[in-house]
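Notes to accompany the following structure.
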Amino acid sequence: MNVALLARPAEKVAPGLLGAILTHEAPEGTVSITITETEAYSGSADPASHAYRGRTPRNAVMFGPAGRLYVYRSHGLHWCANIVTGADGIATAVLIRAGRVIEGQDLARTRRGSKVESARLARGPGNFCRALGITAEHNGADLLAGASVALSEGEPVPAALIRVGPRVGVSKAHDWQHRFYLAGDPTVSAYRLSPRAKPSGGA
DNA sequence: GTACGGATTACCT
DNA sequence: GGTAATCCGTACG
């Protein structure tokens, strides 16, 4: 994956990441997942972004150069992974919401539970990280420089299959059309409006 | 120092 | 389809 493709605004990068592949080489094995759903977060201009209120220890990675992995904990239980985009100093990132396991499915199922059907192994941001084996220790990893987690280009995705919609589960700026996913793909998570979502303007 | 509320998931009905 | 689980970052006093 070329860093130039990532060093752009998140909402430009997010649809292009559909079809890209994240691979994690862990001691217990390798899992690769094709990305099927993403969400763009536009840094200081985006009320729903962790970076909206400025730089903090948690979100520092987002302010760094493109191509890094930003990992945060959600609801005390789950890990969620973002690919940092934009120029160094600009805190934009793309949340990886779902994907299709294409390598290491046995290991992914071991991590997720034996009863989980294949299409749901990496469906949802928390599940995606669990299937891939991503935790806080991967926060800040450089996906383009031979870390244990790497981003590569997969098969090109037909533009006609890409859908756009409002972001899932955010209480602020939930109506921004910053969620991108593959039409009809069973690995894409279901849309859910945040119970705290209030009417708001935005792009 | 204390309080609040999640970029969610899984399980129960 | 609704709701409990769970803990830490951020905000405010």
Side-chain angles (χ1 to χ4, degrees), chain A residues 9-15 17-18 22 33 35-64 68-86 90-99 101 108-140 163-181 186-200 202-203:
Chain A
E11 63 272 22
K12 305 287 190 197
V13 177
L17 286 176
L18 297 176
L22 270 175
I33 304 181
I35 298 168
T36 58
E37 180 184 0
T38 61
E39 270 178 12
Y41 286 85
S42 305
S44 58
D46 183 352
S49 171
H50 290 168
Y52 184 55
R53 297 177 196 287
R55 183 176 185 140
T56 67
R58 178 175 63 146
N59 66 27
V61 173
M62 269 200 287
F63 286 80
R68 301 285 180 80
L69 196 65
Y70 166 52
V71 181
Y72 69 92
R73 199 205 293 278
S74 177
H75 289 71
L77 298 172
H78 317 288
W79 298 110
C80 297
N82 298 247
I83 294 172
V84 176
T85 70
I90 305 297
T92 56
V94 175
L95 171 69
I96 308 304
R97 284 198 56 86
V101 179
R109 183 167 276 105
T110 298
R111 287 169 174 157
R112 291 278 291 113
S114 58
K115 296 173 184 170
V116 180
E117 67 176 292
S118 298
R120 302 181 83 122
L121 285 173
R123 185 175 184 254
N127 291 331
F128 186 99
C129 284
R130 231 174 117 188
L132 196 55
I134 296 298
T135 66
E137 72 177 275
H138 303 288
N139 188 40
R163 294 290 180 273
V164 184
R167 294 182 291 192
V168 176
V170 296
S171 60
K172 299 166 188 168
H174 63 88
D175 50 351
W176 287 26
Q177 304 290 301
H178 274 20
R179 173 173 176 247
F180 303 88
Y181 57 97
T187 66
V188 173
S189 70
Y191 175 72
R192 193 179 72 268
L193 179 66
S194 167
R196 296 173 192 281
K198 304 169 208 157
S200 69

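Throughout, a chain's letter reflects where its sequence line sits, starting with A, and its residues are numbered from 1.
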[N] [atom2] sits how many Å from [X] [atom1], rounded?
X	N	atom1	atom2	value
Arg55(A)	dT10(C)	CZ	P	12 Å
His50(A)	dG9(C)	NE2	C1'	9 Å
Tyr72(A)	dC7(C)	OH	P	18 Å
Arg73(A)	dG9(C)	CZ	C1'	11 Å
His75(A)	dT10(C)	NE2	P	16 Å

Any heavy-atom pair between the side chains of [Y] and [X] that's under 4.5 Å?
X	Y	value
Leu132(A)	Trp79(A)	no
Val61(A)	Phe63(A)	no
Leu121(A)	Phe128(A)	no
Val164(A)	Phe180(A)	yes
Ile96(A)	Thr38(A)	yes
Leu95(A)	Cys80(A)	yes

### Query
In Å, rounded to the nearest 0.5 Å, how long is the span from OG1 of Thr92(A) to CE of Met62(A)?
9.0 Å
For [X], which contact category applies under a 4.0 Å heavy-atom criterion: base, sugar-phosphate, or nothing?
X	answer
Arg112(A)	sugar-phosphate
Asn127(A)	sugar-phosphate
Arg167(A)	nothing
Ser171(A)	sugar-phosphate
Arg130(A)	sugar-phosphate

### Summary
Note, DNA chain B 5' to 3' with Watson-Crick or G-U pairs under 3.5 Å encoded as ( ), [ ], | and . gives ||||||.|||||.
#### Entry: Side-chain N or O of Arg58(A) closer than 4.0 Å to phosphate OP1/OP2 of dT10(C)
yes
### Query
What class does the angle between the rings of Trp176(A) and His178(A) fall in, given that below 30° is parallel, 30 to 60° is tilted and above 60° is perpendicular?
perpendicular
### Query
Are Glu39(A) and Arg97(A) ion-paired here, with the side-chain N under 4.0 Å from a carboxylate O?
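Yes, this pair counts.
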### Message
Below 4.0 Å from chain A heavy atoms, what is the first contacting nucleotide of DNA chain B and what is the last?
### Response
dG5(B) to dA10(B)
